[in-house]
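Please read the structure below before turning to the comments.
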Amino acid sequence: MEHQHKEHSLLAEEFNANEPRVNWHDETLWWVRQKRDKMAWTIPEWEDLREAASRIKHNVLGNLHDYLLEFEKNAQANGAVVHWAADAAEHNKIVLQLLQEQGVKRMVKSKSMLTEECHLNPYLAEHGIEVIDTDLGERIVQLAKEPPSHIVLPCIHKKKEEIGELFHEHLGTPAGNADPKFLTAAARQHLRAEFIQSRVAITGVNFAVAETGEMVVCTNEGNADMGAHLADVHIACMGIEKIIPQRKHLGVFLRLLARSATGQPITTYSSHFRAPKKGQQLHIVLVDNGRSRQLGREDFRNSLKCIRCGACMNTCPVYRRSGGHSYHNAIAGPIGAILAPNLDMKEYADLPFASTLCGSCSNVCPVKIDIHQQLYKWRQVITREGYTKKTKAAGMHAMNIVLSKPGLYKTAGGIGRWVMRTFPAVVNNGLNPWFRQREMPEPPKESFADWYKKNRKQ
Amino acid sequence: MSRESILAAIKKNQPEQQALPDLNAFRRTGPGDPAAFRKVIETLGGQVFEISSYAEIQPLIAEHQPDAQKIISLQESYLPGAMTEWETGDGGRQYEHVDLAIIPGQFGVAENGAIWITDVEIKERVLPFITQHLAIVVSSQDIVPTMHDAYAERIAQPGGGFGVFIAGPSKTADIEQSLVLGAHGAKSLTVFLYSPKA
Ligand code: SF4
């Protein structure tokens with residue numbers, strides 16, 4: 001990687017400079033986490049579903065070679081063109097070539113963390129092609145010239161007043177109007193014009209079914225569909241780990257994805273793209289970019305099961321109080337911290353230390369990735385390889401900045417709630433050096449005995 | 001070629017194969033509950049009307065969508081007199097000014113309010129997204145309990161080149177998590193739950 005980033009701890013410190021904002025960020029994500037819990041609790045077989053999803057993904061990892069070939073064959077039979085890219089550079093080149101063949105200078109793209117990972121937008125911009133991100137949150141951060149800070153909620157770090165400002169500057173909305181409804185309507189109008197003019201659309205992929213050669217894309221806004229169905233050329237970009245064996249497995253993943261992500265029963269649209277529409281070209285770009293290498297790392301291969309729901313971020317006490325940008329990687333949070341060192345161990349040596357190892361991420365993960373254990377194992381690998389330097393000390397520094405100011409939380413509720421939010425699943429498993437050092441806040445004033453006395457009367 | 005090198009690396013690195021789990025335990029026996037289906041759609045911001053004849057659609061639209069001028073109906077019987085010859089135009093762009101599209105849904109899912117639609121019935125894929133408002137007609141006998149039942153019983157094999165589950169109107173909460181209906185797709189969803197009189 002050519003760019004030098006500040007470490008997580010320093011970026012987290014910068015984010016913490018604005019106290020009310022950090023508190024808002026923290027509470028909002030915790031609220032999303034609670035919505036997820038409510039949804040999960042309405043499904044009695046929730047834990048069995050997670051287990052099934054994890055096992056399906058495990059089967060995929062063990063058969064990925066054959067499933068990819070099966071997918072390719074079926075996709076081709078459906079009329080799609082399948083491309084293979086070893087890394088980000090090759091992915092970008094393939095996309096550029098397709099766009100140049102069409103002679104387009106401006107086109108729409110729906111949410112795809114893969115294209116973020118590959119830095120597609122800046123690459124295309126260098127070649128004179130403007131990409132319009134159509135997911136509202138992504139469009140907002142694009143106008144702000146920032147990367148998304150969360151894989152599901154790309155502009156969760158922005159306040160509505162800032163968004164109003166951006167829209168005023170770029171879309172000509174009246175100054176000072178920060179009403180979400182008004183701003184969304186303005187974006188709808190602006191982006192509809194882009195959908196209409198665009199002859200090529202790029203989308204991401206949530207699931208690709210080997211058995212049928214189809215791809216499923218999930219959105220609430222309908223932007224992937226608006227782009228893909230209007231375009232003459234649809235380019236779908238996906239990591240090779242998005243494969244699932246059979247159509248029926250979608251039942252498991254579609255039940256888990258939106259409930260885990262935002263606490264909705266399902267996304268508004270779950271679109272199954274199998275064959276291009278008449279006269280349309282469908283291109284599928286299969287991207288490795290380090291995934292086959294991660295597959296060979298026994299301790300870390302489970303990270304490839306990720307369905308990008310974002311639940312591990314919403315629950316993570318460090319993510320909530322350090323913000324997505326502090327991870328200086330396309331994918332932030334606990335999952336980002338176990339994917340990134342595979343891409344560049346030196347560049348991302350700090351990320352596995354940006355965790356309390358409390359285990360909350362592993363507890364909410366719909367595909368049961370042992371996230372906190374992988375974080376711990378990365379620390380050992382990184383230390384062994386000699387990439388730690390000041391990282392560990394810096395990690396501790398970040399924890400202190402992010403988590404050791406109970407005073408910050410008092411306004412947001414009692415200490416008890418602070419403990420709940422900050423240590424959602426404290427696992428004092430001996431893995432957690434930070435936890436041992438910390439002075440825990442006082443326990444709640446009302447003891448169990450008091451509570452019992454009060455409530456017994458009823 | 002990258003294809004060969006990627007496949008070779010995967011073959012070398014992939015772990016031992018493990019069996020797929022059996023999903024039959026997740027299946028429910030019997031039909032889905034239309035009342036539960038209705039309730040979820042309402043929580044998602046959709047509107048549900050129970051009808052026993054298609055003739056009830058027209059007055060309901062007149063009452064609840066009084067401003068709808070350009071209306072497309074995928075079946076003549078839903079709304080006699082709706083626009084005809086709507087299919088010609090520029091790859092779907094012509095539907096941008098459609099106020100309301102009334103389309104058939106193959107079946108609904110009780111657990112999440114999703115309705116399955118394919119390009120076999122709707123012909124133009126972009127229609128349910130680009131129309132300003134959307135109405136779906138689905139029979140109360142065509143409700144399945146869960147997504148597992150949907151895939152096992154109804155759509156084990158794909159029919160058509162495109163299919164979509166639609167659950168509620170288009171929405172976003174990207175601005176400070178405030179929920180706003182009508183992001184890029186249809187601003188509202190009306191479901192006509194059809195149960196013919198016995
Ligand atoms: S690691 Fe698990 S919880 Fe985190 S985004 Fe991926 S699937 Fe969701």
Side-chain angles (χ1 to χ4, degrees), chain A residues 28 45 52 55-56 58-59 61-65 68 84-86 90 134 136-137 140 153-155 159-160 163 180-181 183-184 188 191-192 196 212 214 220-223 225-226 229-230 245 247-248 250-252 254-255 265-266 268-277 288 292 295-296 301, chain B residues 1-3 5-7 9-21 23 25-26 40 44 91-93 96 111-114 119 125-126 129-130 146-148 150-152 155-158 161-172 174-178 180 182-186:
Chain A
T28 305
E45 66 272 31
R55 283 177 52 200
I56 294 167
H58 212 91
N59 171 275
L61 297 185
N63 290 292
L64 191 54
H65 176 271
L68 279 165
W84 298 72
E90 191 174 6
T134 56
L136 177 58
I140 290 165
L153 320 165
C155 69
K159 299 295 293 171
K160 61 182 182 208
I163 298 167
K181 223 169 152 179
L183 295 176
T184 302
R188 175 184 170 99
L191 287 166
R192 280 218 159 200
I196 297 288
T212 57
E214 74 194 314
N220 278 325
E221 298 182 7
N223 55 317
D225 289 279
M226 283 292 284
H229 301 315
L230 288 173
R247 206 173 213 221
K248 67 176 180 198
L250 288 168
V252 174
L254 293 181
R255 292 189 81 190
I266 189 169
T268 303
Y269 307 106
S270 307
S271 299
H272 299 47
F273 294 90
R274 192 177 63 86
K277 70 172 186 180
D288 183 343
S292 60
L295 190 62
R301 64 166 59 110
Chain B
M1 272 294 286
S2 291
R3 180 181 182 275
S5 60
I6 295 169
L7 284 168
I10 291 170
K11 197 160 200 171
K12 183 168 135 261
N13 288 343
Q14 66 189 15
E16 238 176 75
Q17 293 189 16
Q18 282 195 14
L20 284 164
L23 303 183
F26 295 121
V40 191
L44 295 172
R93 288 169 174 78
E96 221 241 313
E111 69 159 323
N112 57 20
D119 59 355
R125 296 180 183 187
V126 79
F129 307 94
I130 198 170
T146 70
M147 294 296 279
H148 308 293
Y151 283 107
I155 48 171
Q157 292 303 317
F162 173 75
V164 58
F165 280 109
I166 298 184
S170 153
K171 65 184 171 200
T172 181
D174 274 343
I175 303 177
E176 281 196 10
Q177 285 297 295
S178 315
V180 181
H184 303 303

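Below, chains carry the letters A, B, ... as their sequence lines are ordered, and counting in each starts from 1.
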message: Only pairs of heavy atoms separated by less than 4.5 Å count here; which of Lys12(B), His148(B), Arg93(B) has the most with chain A?
response: Arg93(B)

query: Where does Ala152(B) contact chain A at under 4.5 Å (heavy atoms): side chain, backbone, both or neither?
result: neither

message: Quick check on the interface: out of Thr134(A), Ile196(A), Val252(A), who has the most heavy-atom pairs with chain B under 4.5 Å?
response: Ile196(A)

message: For Ile56(A) and Leu20(B): C-alpha separation, side-chain torsions, deciding distance, then whether side-chain contact (heavy atoms from CB on, under 4.5 Å) applies.
response: CA-CA 6 Å; Ile56(A) 294 167; Leu20(B) 284 164; 4.2 Å; yes

statement: Note: vs chain B, highest number of non-hydrogen pairs under 4.5 angstrom among Glu221(A), Lys248(A), Arg301(A), Lys159(A) is Glu221(A)

field: Validation row: Asn220(A), Thr172(B) side chains within 4.5 angstrom (heavy atoms)
entry: no

message: Need one label for Leu295(A): side chain, backbone, both or neither, based on atoms under 4.5 Å from any heavy atom in chain B.
response: both

query: Measuring heavy-atom distances to chain A, does Ala25(B) have an atom under 4.5 Å in its side chain, in its backbone, in both, or in neither?
result: neither

task: Against chain A, label Leu44(B) side chain, backbone, both or neither, depending on which of its atoms sit under 4.5 Å from a heavy atom there.
output: side chain

- prompt: What part of Glu96(B) lies closer than 4.5 angstrom to a heavy atom of chain A: side chain, backbone, both or neither?
  reply: both

- prompt: Can you tell which of Leu68(A), Thr184(A), Ile140(A), Leu254(A) has the highest number of heavy-atom pairs within less than 4.5 Å of chain B?
  reply: Thr184(A)

- prompt: Looking at Ile166(B), Ile155(B), Leu7(B), which has the largest count of heavy-atom pairs under 4.5 Å with chain A?
  reply: Leu7(B)

Under the ring-ring contact (aromatic ring centres under 6.0 Å, His included) test, residues paired with Tyr269(A) that sit two or more places apart: Phe129(B)

- request: Under 4.5 Å heavy-atom distance to chain B, tell me which part of Arg192(A) shows up: side chain, backbone, both or neither.
  value: side chain

query: Got a donor-acceptor contact below 3.5 angstrom from the Arg125(B) side chain to the Leu230(A) backbone?
result: no

- line: Greatest number of non-hydrogen atom pairs under 4.5 angstrom with chain B, of Ala85(A), Pro180(A), Cys155(A), Gly222(A), falls to Pro180(A)

Heavy-atom proximity to chain A below 4.5 Å, by part of Val164(B): both

Exercise: identify the closest heavy-atom pair between Lys160(A) and Ile175(B): CB-CG2, 3.7 Å

Which of Arg255(A), Lys277(A), Glu45(A) touches chain B most, by non-hydrogen pairs under 4.5 Å: Arg255(A)

task: Could you look at Pro276(A) and say if it's the side chain, the backbone, both or neither that has a heavy atom under 4.5 Å from chain B?
output: backbone

Max heavy-atom pair count under 4.5 Å with chain A, selected residue of Asp174(B), Leu23(B), Val40(B): Asp174(B)

- request: Given side-chain contact (heavy atoms from CB on, under 4.5 Å), test Gln177(B) with Leu153(A) step by step and report yes or no.
  value: CA-CA 9 Å; Gln177(B) 285 297 295; Leu153(A) 320 165; 3.5 Å; yes

query: Counting distance only, does the side-chain N/O of Glu111(B) pair as donor-acceptor with the main-chain N or O of Met147(B) below 3.5 Å?
result: yes

- line: Contacts of His272(A) meeting ring-ring contact (aromatic ring centres under 6.0 Å, His included) (sequence neighbours excluded), chain-then-number -> Trp116(B), Phe165(B)

- line: Highest number of heavy-atom pairs under 4.5 Å with chain A among Ala19(B), Ser5(B), Gly185(B), Pro158(B) belongs to Pro158(B)

- prompt: Quick one: does Gln14(B)'s side chain have a donor or acceptor within less than 3.5 Å of a partner on His65(A)'s backbone?
  reply: yes

message: Is a donor from one side chain sitting under 3.5 angstrom from an acceptor on the other, for Glu90(A) and Ser2(B)?
response: yes

message: When you measure from the side chain of Thr268(A) to the backbone of Ser170(B), do you find a donor-acceptor pair of N or O atoms at a distance under 3.5 Å?
response: no

Atom group of Ile163(A) that falls short of 4.5 Å from chain B, counting heavy atoms: side chain

task: Just give me the residue among Ala114(B), Pro21(B), Gly182(B), Gly92(B) that pairs up with chain A most often, heavy atom to heavy atom, under 4.5 Å.
output: Pro21(B)

task: Against chain B, label Ser271(A) side chain, backbone, both or neither, depending on which of its atoms sit under 4.5 Å from a heavy atom there.
output: both

message: Quick one: does any side-chain atom of Arg274(A) pair with a main-chain N or O of Phe162(B) as donor and acceptor, under 3.5 Å?
response: no

